[in-house]
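Worth knowing before you read on, the calculation uses all heavy atoms, side chains too, and leaves out hydrogens, waters and symmetry mates. Residue numbers begin at 1 in each chain, while the letters A, B, ... track the order of the sequences.
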Number of protein chains: 2
Amino acid sequence: MQSSESGLRERKRVETRDRLQTAAVTLVDQRGMEHATLDAICKEADVSTRTFFNYFDSKEDAILGLEDVAITSDSVSDLLEAYVRSGPIELTIRMVFSLLNPSVDSSALLPLRMKIINQYPQLLGRMANQLQRMTQQLTAAMGPILRETSNFADQDETESKISVEILLSLCSGAARVAIKEWAASGSKAPIEAVEQRANELVKNIVKRLK
Amino acid sequence: MQSSESGLRERKRVETRDRLQTAAVTLVDQRGMEHATLDAICKEADVSTRTFFNYFDSKEDAILGLEDVAITSDSVSDLLEAYVRSGPIELTIRMVFSLLNPSVDSSALLPLRMKIINQYPQLLGRMANQLQRMTQQLTAAMGPILRETSNFADQDETESKISVEILLSLCSGAARVAIKEWAASGSKAPIEAVEQRANELVKNIVKRLK
DNA sequence: TGAATTGTTGCAGATGCTGCAAAAATACGC
DNA sequence: GCGTATTTTTGCAGCATCTGCAACAATTCA
């Protein structure tokens, strides 16, 4: 209900959320994590520090723009596309990157975000936690799709969920490495190339381990 | 130099460190993470709160017993054994679990630690960060061993390091799942079985992805 | 034994984060 | 429009983690 309403109240909420994300990312980029205090972020976004916590659980969450969203129909169609393109790895990588770029309005922040993640790797740890918190939702969304493949089909549901969780861990590690490489080479490549590289990394390691 | 000395000073340091770990683990287990305050832990260990930070960087680190240790010769021989037993996956899993159980004195804490990790999963995020901080050391230790296998041999050093980092991510995810299962089934199995299960999980997912 | 080194402690303070209750903004029925 | 109900914002008081600093205590070493 809430997300479909578009009264003044809802519009303002989205706007405020966006201002907070933008302020957080911008200030951390300019001043560094420790000097970009909550006070500074909130002053920049023009809200009280107390209000900040109506929007994000922590400073880190604001930097990453993380939200506890239900899997939207948009994202599901994205996932399906990734899956039919080439299978479970792409599906999972897509999932990881979509967490980093959930809102259209904030997509301009993505390059800065990746730069910051590279600078403060604990943020990706935070993101892995978020992935884990969302594991149930993710397995619910990914499970049915994955079970259509031969390799995941003959598994019972429990084993399938387990695999999804480990798959997420593997893919978020690959994402981190891909982002690192991207930052090391001057942060020039488009986001799609980074995601593509993450796919490649996963495939390489699977190949080597088999 | 420091670790090989065994004067009064060094003995006391080890003892204090141990008291802090034990107090942290015990109190978190008994009272829960949020009620096991620094003050309580330090009172139990009989040191000032200020001194606490001479031993650990954070409360979480004390709970996990994490230390920035150089890879010891002991751990290297452990690794070699794991590797010759069955390859790179065992090697990496061994690495992950050895982080959880570095000191002989604190080995009695391991079951409690695993129980707590299962209860507060953000701790494993913290551990993944630690793994990452130690990536350079770990790759330095694991790289030469891994390069002896055919699959890792033909790679240049950079690619090899990348693989190790992703491998660590994969294996720490598997470790988390294995610990979860262990806790779900009553925390009865010995630690070796948990590690073994983690190995199995990694192999399963690699098989499915290939 | 006395000086040098290292470890401990208290204190003041910054920062992140939470509960609570008052005040402001928005929505909704009439 | 108007008044009421609901939601959001805000300030404040307070707790907890963590850091720098300087004095103090313990250990080491010559």
Side-chain angles (χ1 to χ4, degrees), chain A residues 1-21 23-25 27-28 31-64 66-68 120 122-123 125-126 129-130, chain B residues 1-21 23-25 27-28 31-64 66-68 120 122-123 125-126 129-130:
Chain A
M1 312 261 169
Q2 219 174 3
S3 55
S4 59
E5 301 197 29
S6 69
L8 177 57
R9 185 162 271 165
E10 187 58 22
R11 258 184 297 133
K12 272 198 171 179
R13 254 194 98 77
V14 172
E15 218 178 74
T16 301
R17 200 191 154 80
D18 228 61
R19 277 206 314 281
L20 281 171
Q21 287 186 63
V25 169
L27 289 182
V28 170
R31 311 184 185 174
M33 178 76 90
E34 50 274 9
H35 294 104
T37 63
L38 259 186
D39 278 347
I41 292 170
C42 292
K43 195 177 170 187
E44 178 82 16
D46 202 43
V47 292
S48 73
T49 60
R50 190 60 189 80
T51 297
F52 175 93
F53 294 101
N54 290 342
Y55 288 88
F56 296 99
D57 285 345
S58 69
K59 192 170 118 178
E60 294 192 343
D61 278 16
I63 296 166
L64 292 171
L66 294 185
E67 33 192 335
D68 277 325
Y120 304 96
Q122 74 266 26
L123 288 173
R126 177 64 193 82
N129 279 347
Q130 176 76 354
Chain B
M1 314 256 170
Q2 219 175 6
S3 55
S4 59
E5 302 197 30
S6 69
L8 176 57
R9 186 160 270 164
E10 188 58 22
R11 259 185 295 134
K12 272 195 172 178
R13 253 193 98 77
V14 172
E15 218 178 74
T16 303
R17 199 190 156 80
D18 228 61
R19 277 207 314 281
L20 280 171
Q21 286 184 63
V25 169
L27 289 182
V28 169
R31 311 184 186 173
M33 179 76 89
E34 49 275 8
H35 295 103
T37 64
L38 261 185
D39 280 346
I41 292 170
C42 293
K43 194 177 171 187
E44 178 82 16
D46 203 42
V47 292
S48 72
T49 60
R50 189 62 188 81
T51 297
F52 175 92
F53 293 101
N54 290 341
Y55 290 88
F56 296 100
D57 284 345
S58 68
K59 193 171 118 180
E60 293 192 344
D61 279 14
I63 296 167
L64 292 171
L66 293 186
E67 34 190 335
D68 276 326
Y120 305 96
Q122 72 267 26
L123 288 173
R126 177 67 194 81
N129 279 347
Q130 176 77 355

Legend entry - Residue list, salt bridge (Lys or Arg N to Asp or Glu O under 4.0 Å) with B:E15, at least two apart or on another chain: B:R19
Legend entry - Short side-chain N/O contact to D:dT8 OP1/OP2 from A:K12, under 4.0 Å: no
Legend entry - Short side-chain N/O contact from B:Y55 to OP1 or OP2 of C:dT8, under 4.0 Å: yes
Inset, instruction - Please report the shortest heavy-atom distance between B:F53 and B:L38, naming the atom on each side. - result: CZ-CD1, 3.4 Å
Legend entry - Out of C:dT18, D:dT6, D:dT17, whichever nucleotide has its closest atom nearest the side chain of B:L38: D:dT17
Inset, instruction - Round to the nearest Å and state the distance from A:D39 atom CG to D:dT10 atom P. - result: 13 Å
Legend entry - Whole-Å distance separating the CZ atom of B:F52 from the P atom of C:dC11: 20 Å
Legend entry - Shortest non-hydrogen contact between B:I41 and B:A23, atoms and distance: O-CB, 3.7 Å
Legend entry - Atom pair distance, as rounded to whole Å: CG in A:D61 and P in C:dT18: 11 Å
Legend entry - Rounded interatomic separation in angstrom, taking CD from B:E34 and P from D:dA16: 11 Å
Legend entry - Check: D:dG20 base within 3.5 Å donor-acceptor of B:R50 side chain: yes
Inset, instruction - Figure out the CZ/C1' separation between B:R11 and C:dG7, and round it to whole Å. - result: 16 Å
Inset, instruction - Take the protein atom CG of B:N54 and the nucleotide atom C1' of C:dG10, then report the distance between them rounded to whole Å. - result: 13 Å
Inset, instruction - Can you pull out how bent the helix from C:dT8-D:dA23 to C:dC30-D:dG1 is, comparing the axes over its first five and last five pairs, to 10°? - result: 20°
Inset, instruction - Could you state the atom-to-atom distance from CD of A:E15 to C1' of D:dT8 in whole Å? - result: 15 Å
Inset, instruction - Counting heavy atoms from C-beta on, name the nucleotide in C:dT8, C:dT26, C:dT6 closest to the side chain of B:R9. - result: C:dT6
Inset, instruction - Over all heavy atoms of both residues, which pair between A:K59 and A:M33 is shortest? Give the atoms and the distance, please. - result: NZ-O, 2.9 Å
Legend entry - Sugar-phosphate only, base, or nothing, as touched by B:S58 at under 4.0 Å among non-hydrogen atoms: sugar-phosphate
Inset, instruction - Report yes if a side-chain nitrogen or oxygen of B:T51 is closer than 4.0 Å to either non-bridging phosphate oxygen (OP1 or OP2) of C:dT8; otherwise report no. - result: no
Legend entry - Flag, side chain of B:Y55 to backbone of B:L20, donor-acceptor distance under 3.5 Å: no
Inset, instruction - Let me know the distance between CE of A:M33 and C1' of D:dT19, rounded to the nearest Å. - result: 17 Å
Legend entry - Comparing A:T49 and B:S48 on DNA chain C - which has the more 5′ nearest nucleotide: B:S48
Legend entry - Closest listed nucleotide, where the reference is the side chain of A:R13 and the choices are D:dC18, C:dG10, D:dT9: D:dT9
Legend entry - Donor-acceptor contact present, side-chain A:R126 to main-chain A:D61, <3.5 Å: no
Legend entry - Shortest non-hydrogen contact from B:L123 toward B:L64: O-CD1, 3.4 Å
